[in-house]
Amino acid sequence: MTERDTIFALASGKGRSGVAVIRISGPAAGDALRRLSAEELPQPRQAKLCALSKPDSGELLDRAIVLWFPGPASFTGEDVVELHAHGGHAVLSGLYDALEALPGVRPAEAGEFSRRAFENGKLDLTMAEGLNDLIWAETDAQKQLAQRQLEGALSEKYGDWRGRLLKLLAHAEAAIEFSDEDLPEGFEQAILPGLGALREEIGAHLEDRHIGERIRSGFRIVILGVPNVGKSSLLNALAKEEAAIVSAEAGTTRDVIELRIDLGGFSASLADTAGLRESENLIEQEGARRARDRARKADLKLLLVEAQSWPRIPDDIGAEADANSWLVVNKCDLEEVDPNESPLGELRTFCVSAKTGEGLHELLAALEVEVVDRLGGLEHMPLTRLRHRRALEETTKALGRVLEADHGDPALTAEDIRLATRALGRITGRVDVEEVLNVVFADFCIGK
Ligand code: GDP
């Protein structure tokens, strides 16, 4: 086996900073430090101030705090050096050039540190994903979910299920190898209840109303309305930002404009859509198509209508009303509105003015309560990713074939249990990992 490259990258954020951390990982990490510094390697895991110089000319690059983590007690499991240098552009590029000139040392690719940690058994795939989520977390709920995942809450759950499946697989295989007389009484019969119980647990985990995925990617709120009712104005007023185009000309928002807001510690996306109305204009038709598509995927729809035409509701908007919709009457500064006259009496109704701000506080407070109600109070670690969901669905499908198909063929039973085990193992990276690795680490940044 050829020795692995030693990789380096900026581990701290980009841009000018007081201190920047360069992480170096691989078999030549210790040597790299010896080449840059005349001093002895620091004691493991103890900070030491070192002068770092160009190996060829001896020119001073920086005076930095250096940490030495001999493998396997390091993030990647390899020898790791951290240089806590001054975070200026010239300092860092000098250090990069000096490192890159060393034999066997090169800049890291995106996600490469975490990938090595995975390959060295420091993290499984769900933990690596949790780490990435933690780096990207914007709200408190996202942070907590990511931390639980990084600490192994999903690994534990999926690992436990996989362990039980493997045991049942061993039993199924024993049933093929040995005749009934050689096996303990009721041996084969015990397999089905075991599989049934597992399918039930996995099924309950799958039926979580996508809470974990919502916490991670954001609760989706979409504003729907005919042109000019004030959708962009409402988006801006709610987000207190001027991100959407507010204009008096009908049909200006032809695409979906989205903002992220924090509602009670949860991330929510608020989307302003093109106006829903019949139009000859092809671009406007496409905008309306995208708006309807967005509405289908939304967790909550705000159906926006105008006070001047209250209580009449345009057909295109009435058609969108369902249990996930609220009615919002805008421009209440122009006309007094009685919410009790609503033709969609079953929908919660709010009267607001995006212009004066009237009623917005109540609407925002209600949104916050709704999001916290629907996403909060998690007892169990939920599913957080579509990748996991797909694999679990594959697992339950394979288990369903064994439980429902009355084939009674032990070889087919064993094969389906094997497929179920493999699907489950792909989540944490225990089997056929190559194909999933690229997917998982591709959205990491360099230096992670
Ligand atoms: P959209 O096409 O639904 O996105 O509507 P806009 O947000 O672009 O608003 C259309 C027009 O209505 C603009 O002239 C806004 O200034 C105006 N408008 C929006 N909200 C209100 C409101 O609450 N009160 C009043 N008086 N005018 C509003």
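First listed ligand is number 1; within each ligand, the first listed atom is number 1.
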Margin query: Quick check on salt bridge (charged side-chain N to carboxylate O under 4.0 Å, His left out): which of Arg387, Arg389, Arg385 does Glu213 satisfy it with?
Written below: Arg389
Check: Which ligand 1 atoms does Lys231 reach within 4.0 Å, using its non-hydrogen atoms?
Finding: 1 (P), 2 (O), 3 (O), 4 (O), 5 (O), 7 (O)
Checklist line | Atom indices of ligand 1 within 4.0 angstrom of Leu334 heavy atoms, with elements | finding: 26 (N)
Next item on the list: Flag the pair Leu263 / Ile221 as yes when at least one side-chain heavy-atom distance between them is below 4.5 Å, and no otherwise.
Entry: yes
Item checked: Steps toward salt bridge (Lys or Arg N to Asp or Glu O under 4.0 Å) verdict (Lys397, Glu394) -> CA-CA 5 Å; Lys397 223 185 263 170; Glu394 212 177 297; over 6 Å; no
Note to self: Quick check on contacts: which atoms of ligand 1 are under 4.0 angstrom from a heavy atom of Asp333?
What the structure shows: 22 (C), 23 (O), 24 (N), 25 (C), 26 (N)
Item checked: Full working for side-chain contact (heavy atoms from CB on, under 4.5 Å) between Leu360 and Leu234 -> CA-CA 9 Å; Leu360 290 181; Leu234 180 68; 3.6 Å; yes
Next item on the list: Name the option, out of Pro227, Ser353, Ser233, Ser232, that contains the heavy atom nearest to atom 19 (C) of ligand 1.
Entry: Ser233
Note to self: Between ligand 1 and Ala354, is the shortest N or O to N or O distance under 3.5 Å?
What the structure shows: yes
Notebook entry, point to check: Going by distance only, is there an N or O of Val352 that falls short of 3.5 Å from an N or O of ligand 1?
Noted result: no
Item checked: Ionic contact status for Glu415 with Arg418, cut-off 4.0 Å -> yes
Check: Using a heavy-atom cut-off of under 4.0 Å, does the side chain or the backbone of Asn228 touch ligand 1, or both, or neither?
Finding: both
Notebook entry, point to check: Between Arg374 and Ile211, is a side-chain contact (heavy atoms from CB on, under 4.5 Å) present by the stated rule, with each step listed?
Noted result: CA-CA 8 Å; Arg374 280 166 64 175; Ile211 291 178; over 6 Å; no
